[in-house]
Enquirer: 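Below you will find the structure I want to go over with you.
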Amino acid sequence: MSNARTALDRCTELARITADAPRIERVYLSAEHAAANTLVAEWMERAGLRTWQDAVGNLCGRREGRTDGLPALMIGSHLDTVPDAGAYDGPLGVIMAIAVAERLRGHDLPFALEVIAFNDEEGTRFGTALLGSQAVAGRWQEHWWDQSGRDGLTLRRAFADFGLDSGRVSEAARTPAELVGYLEAHIEQGPYIEAENRSLGFVTAIAGARRFQLSIVGQAGHAGGTPYPRRRDALASACEAITMIERVARESGEDGGIATVGRIQVQPGAVNVIPGQADFTLDLRAATDARRDAMWDGIRAEIERICASRGTRLEVLETHSASACECASWLRDAIATGIRTTGDDDPRGLWSKAGHDAMAMGAICDVAMLFIRCREGVSHNPAEDVREVDVARGINAYEQAVLEVARTYDSSGGPDAPAPRTAARSGAVPALRAGA
Ligand code: HGY
Ligand code: MN
Ligand code: MN
């Protein structure tokens, strides 16, 4: 059976591990997280990797290079999902990485090869995203512990229930000296590769993101007896704000900012009561942190103006922030070289409007990503779909990209010499050369 067929069958098998069948939902520190780690660890071990679960619940696999203890090229993606997810966002990247590790068994590599299955890239349960990869990047924040999910359990409690020790989180952190770089394969989650009838693309940069929990507070009142001039309707204020948010983002243009309101809840939520409070989420992204932050400043000012005109007020809680991350030229070029071996002699580069674990890993090592076409760009939806031929080309490109990284790394002197050139990254920690 082809690697691509096996990869797709494994995505289907993994999709059966869900908290909400027949919908797909696997969240951080859940029974489904544990079951997925167990299944994927079997696949990693069949590929000849030594496996372990790290101090925050990421699943890791490693095979030594030409000598033991060398810095590792880390390849992988995430196993957690959004609610009612598709089967490929995250898992396909982990499973393709395992396929590459299997193909390179016995290869003389100048580095160790590690496959990592991050958990909580999406931030579905506790609101903050990239928890697993931020821990590996040594960026865990103490204030996250008190964040709670919809079940009311705090991250601290869920951590303990999962059998993890909150005092040992730092053991998941890796140092720049341990890493050659990080590569991730992922479905594009957008329509651009398909629009050019390509199978693959390489990522130039990953959008910077910020997430907020916004509350508009007004005054609950009688739906019949309250005259309009006296109303302080929180939901009507929120509706005006949400249509403004969409207009601002639309008008910012193709390479402008992107803003989405994903969830709204209203209190008290009765048919005959004027809403006293409207709580809604805001997801903002842009190619640069400066553009992202400018859009937030404009949106916040506009919401304040709407609230002032309606006698309501705005409360803001920022739940996530991740800097935009440029892919390192030497790794990006290796991905493009891999794509060329699949017959696409002019590989397409594009910036990722979706966030990825690579943006967290970019704080401690050079990163690059391989995109795989997905049908109509649909993702975060059970209709998410990929073609076997694209996955086959993706695995071939990925394998060749890893071999190209090995050639470049070897020729630059490997762990004892400065890493190949690294593109300066916008806003992120200055690129650290491997072995630093
Ligand atoms: O939200 C995102 O961009 C990613 O799918 N977590
Ligand atoms: Mn996602
Ligand atoms: Mn993803």
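Counting starts at 1 for both ligands and their atoms, in listed order.
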Enquirer: Which word best sums up how the rings of Phe126 and Tyr28 line up, parallel for under 30°, tilted for 30 to 60°, or perpendicular for over 60°?
Expert: perpendicular

Enquirer: Trp145 vs Trp140 aromatic rings, parallel, tilted or perpendicular, using cut-offs 30° and 60°?
Expert: tilted

Enquirer: Output the list of atoms in ligand 1 that are nearer than 4.0 Å to some heavy atom of His380, sorted by atom number.
Expert: 1 (O), 5 (O)

Enquirer: What is the closest protein heavy atom to atom 1 (O) of ligand 1, and at what distance does it sit?
Expert: Arg285 NH2, 2.8 Å

Enquirer: With respect to the Mn ion (ligand 2), please indicate if Asp89 possesses an N, O or S atom at a distance under 2.8 Å.
Expert: yes

Enquirer: Which is it for Arg125 and Asp151 under the salt bridge (charged side-chain N to carboxylate O under 4.0 Å, His left out) test, yes or no, and what are the steps along the way?
Expert: CA-CA 9 Å; Arg125 184 170 180 183; Asp151 58 8; 3.0 Å; yes

Enquirer: Is it true that some N/O/S atom of His380, main chain or side chain, lies under 2.8 Å from the Mn ion (ligand 2)?
Expert: yes

Enquirer: Please name all residues satisfying side-chain contact (heavy atoms from CB on, under 4.5 Å) with Asn396, sequence neighbours left out, ordered by chain then number.
Expert: Arg103, Thr342

Enquirer: If the cut-off is 4.0 Å to any non-hydrogen atom of Ala354, which atoms of ligand 1 fall inside it?
Expert: 3 (O)

Enquirer: Under 4.0 Å from a heavy atom of Glu121: give me the atoms of ligand 1 that qualify, with their elements.
Expert: 4 (C), 6 (N)

Enquirer: If I take every N, O or S atom of Glu122, is at least one of them less than 2.8 Å from the Mn ion (ligand 3)?
Expert: no

Enquirer: Does any N or O of ligand 1 fall below 3.5 Å from an N or O anywhere on Gly355, backbone included?
Expert: yes

Enquirer: Check ligand 1 against Arg211 and write out every atom of the ligand that is under 4.0 Å from a heavy-atom position of the residue.
Expert: 1 (O)

Enquirer: Has His356 got an N/O/S atom less than 2.8 Å from the Mn ion (ligand 3)?
Expert: no

Enquirer: Ignoring hydrogens and angles, tell me if any N or O in the side chain of Thr81 forms a donor-acceptor pair with the backbone of Arg26 under 3.5 Å.
Expert: yes

Enquirer: Among Lys353, Arg348, Arg198, find the one that has a side-chain hydrogen bond (donor to acceptor under 3.5 Å, both in side chains) with Tyr192.
Expert: Lys353

Enquirer: Indicate yes or no for a side-chain donor-acceptor contact from Arg62 to the backbone of Ala112 under 3.5 Å, with no hydrogens or angles considered.
Expert: no

